[in-house]
Amino acid sequence: MNTRPMNIVLLGLSITSSWGNGHATTYRALTRALARRGHRLLFLERDVPWYAGQRDLANPDYCPTLLYDSLDELETAHRNRVAEADLVIVGSYVPEGAAVGEWVCDTAGGVTAFYDIDTSITVQGLANGSCEYLTPELIRRYHLLLSFAGGPLLQYLEEDFGAAMARPLYCSVDSDMYYPAATTPASDSEFDLGYMGTYSSDRQPKLDRLLIRAAREWQDGSFIVAGPMYPDTISWPVNTARHEHVAPDAHRDFYNAQRYTLNPTRADMVAVGWSPSVRLFEAAACGTPVISDYWEGLESFFKAGVEILIAEDTEAVLKVLHEIPEAGRRRIGAAARERVLGRHTAAHRALELEQYFLECLRRNARRSIRSVS
């Protein structure tokens, strides 16, 4: 059964600004891929001051975007658009997200879905009652729960929280935007090891151990860390460059300037498992080998030692940087790129979303038949 072109409305944190959040990159890649498959799209975004001054893609030509100032404006100005859509998706961290979700479930005539780009944080928030964009009651109302994390967590969401249908929709990469630079000697790489990500207190100890200490111990090496919100109290080594922000259209150049890129995983994502970061796919698509800490489920995305390198301490990182020959480095990068292009592009995610939509239609049809009987 093929999917006819759909009318899709997305209500997400932000597609217009990538400042301090990874949601924009994910939404841009996914909507571009859906548009290429012939679907009609509309993105509704809350107009907030911290993104208003940092919009690096104000209105994507593949996904018309409208801003709204309040929940009242959303309900009055966009009711018909939501009611008439085939699929309405509400994302995590949308301001007043729980109220938005209740309104969407009351209003939408088609399939309703929640896209959790922050699953590990959401699960903790649901457990202690602090989640502001999703509630246990709302989980049961959505037809479809899409998650950045997979594995046993999906069964947990269905069995313990009553989700009708929980499915993985991992982050991905736009293969047209991420690819290797022209072949150059390793000595021409600007940095030996780099990392890109917003500051997080529970991730910082790993960044300290796997990059900052490595930089201090190998003073002839060259390192870089990019991302906002790092406190001024951090003492960066002299051989470590800092960039406050790297816009998405510069991500490819960022990865291609490195021999290796680092993936330190937040503690809550390690606890959940099966939670790949978008940097894994972006770097791999560029042919840049990734050094990562281990988390359960990692091997379902990349083969350790062949497509990704695992390191838990400074010594292991330095061993990689010093001992793997250039031919081996390139081989690992090429294998990772092959894996990503075969399974983890935005085109793959668009197709997966279509299949989930069709599964929802079949499930809803069966429910209707049973209720009539």
Side-chain angles (χ1 to χ4, degrees), residues 20 180-247 250-267 270 277-280 282-284 286-295 298 302 304-336:
T183 302
T184 57
S187 58
D188 289 348
S189 297
E190 189 175 356
F191 302 102
D192 293 293
L193 179 65
Y195 167 71
M196 177 165 55
T198 302
Y199 172 79
S200 171
S201 60
D202 72 338
R203 182 166 50 201
Q204 190 62 28
K206 291 184 180 180
L207 185 61
D208 290 340
R209 184 169 68 248
L210 300 178
L211 189 148
I212 294 177
R213 290 182 195 171
R216 288 202 175 99
E217 291 192 22
W218 184 29
Q219 296 184 9
D220 290 335
S222 182
F223 301 79
I224 185 170
V225 174
M229 302 183 186
Y230 286 84
D232 294 335
T233 53
I234 295 177
S235 176
W236 299 100
V238 295
N239 57 346
T240 302
R242 271 285 292 132
H243 289 313
E244 183 72 12
H245 177 64
V246 179
H251 284 190
R252 174 180 172 267
D253 291 339
F254 179 82
Y255 291 120
N256 278 316
Q258 304 165 42
R259 289 175 57 220
Y260 295 90
T261 203
L262 182 67
N263 178 65
T265 311
R266 292 183 57 168
V270 173
S277 164
V278 69
R279 77 178 62 87
L280 291 173
E282 289 182 348
C286 292
T288 301
V290 176
I291 301 174
S292 179
D293 58 328
Y294 180 78
W295 36 270
L298 175 61
F302 295 98
V306 177
E307 300 165 338
I308 198 169
L309 298 163
I310 307 301
E312 299 292 347
D313 55 34
T314 308
E315 182 180 1
V317 170
L318 290 173
K319 185 175 181 180
V320 169
L321 297 180
H322 291 156
E323 297 184 9
I324 294 181
E326 175 61 8
R329 185 190 75 86
R330 291 187 181 278
R331 190 159 50 245
I332 293 167

Residues Glu315 and Lys319 bridged, charged N to O under 4.0 Å: no
Min side-chain heavy-atom separation Tyr199-Pro231 under 4.5 Å: yes
Distance-only polar pair, side chains of Thr265 and Asp293, donor-acceptor under 3.5 Å: yes
Side-chain (Asn239) to main-chain (Ser222) donor-acceptor, under 3.5 angstrom: no
Point-to-point distance, once rounded to the nearest 0.5 Å, from CG of Leu262 to CD1 of Ile224: 13.0 Å
Contact check, side chains of Val225 and Thr240, non-hydrogen atoms, under 4.5 Å: yes
Pair Trp236 + Tyr230: ring centers closer than 6.0 Å: yes
CA sep, side-chain torsions, deciding dist, call: Asp192, Tyr260, side-chain contact (heavy atoms from CB on, under 4.5 Å): CA-CA 6 Å; Asp192 293 293; Tyr260 295 90; over 6 Å; no
Exercise: identify the closest heavy-atom pair between Leu193 and Leu210: CD2-O, 3.8 Å
Non-hydrogen atoms of Ala283 and Val290 that approach each other most closely: CB-CG2, 3.8 Å
Closest heavy-atom pair and its distance - Ile308, Ser292: CD1-CB, 3.9 Å
CZ on Arg330 to CD1 on Ile324, rounded to 0.5 Å: 14.0 Å
Contact summary for Arg209 and Thr314, nearest pair of heavy atoms: O-OG1, 2.5 Å
Donor-acceptor pair, side chain of Glu312 and main chain of Tyr294, under 3.5 angstrom: yes
Asp202 to Ala267 - nearest heavy-atom pair and separation: OD2-N, 3.2 Å
Whether over 12 other heavy atoms sit under 6.0 Å from Arg216 CZ: yes
Verdict with supporting geometry, Tyr195 and Leu207, side-chain contact (heavy atoms from CB on, under 4.5 Å): CA-CA 8 Å; Tyr195 167 71; Leu207 185 61; 3.7 Å; yes
Point-to-point distance, once rounded to the nearest 0.5 Å, from CZ of Phe302 to CD of Glu307: 7.0 Å
Separation of Asp208 CG from Arg203 CZ (nearest 0.5 Å): 12.5 Å
Stepwise side-chain contact (heavy atoms from CB on, under 4.5 Å) check, Leu298 with Ile310: CA-CA 10 Å; Leu298 175 61; Ile310 307 301; 3.2 Å; yes
Ring pair (Phe, Tyr, Trp, His ring centres under 6.0 Å) involving His245 - partner list, sequence neighbours excluded: Trp19
Ser277 side chain to Arg279 backbone, donor-acceptor under 3.5 Å: yes
Worked verdict on Met196 versus Thr261 for side-chain contact (heavy atoms from CB on, under 4.5 Å): CA-CA 8 Å; Met196 177 165 55; Thr261 203; over 6 Å; no
Rounded distance (nearest 0.5 Å) linking atom CZ of Arg213 with atom CG of Leu318: 12.0 Å
Arg329 with Glu326: basic N within carboxylate O range, under 4.0 Å: yes
Minimum heavy-atom distance between Lys206 and Pro264, given as atom pair plus value: CB-CB, 3.9 Å
N/O donor-acceptor pair under 3.5 Å between Gln258 side chain and Phe254 backbone: yes
From Ser189 atom OG to Arg259 atom CZ, the distance as rounded to the nearest 0.5 Å: 7.0 Å
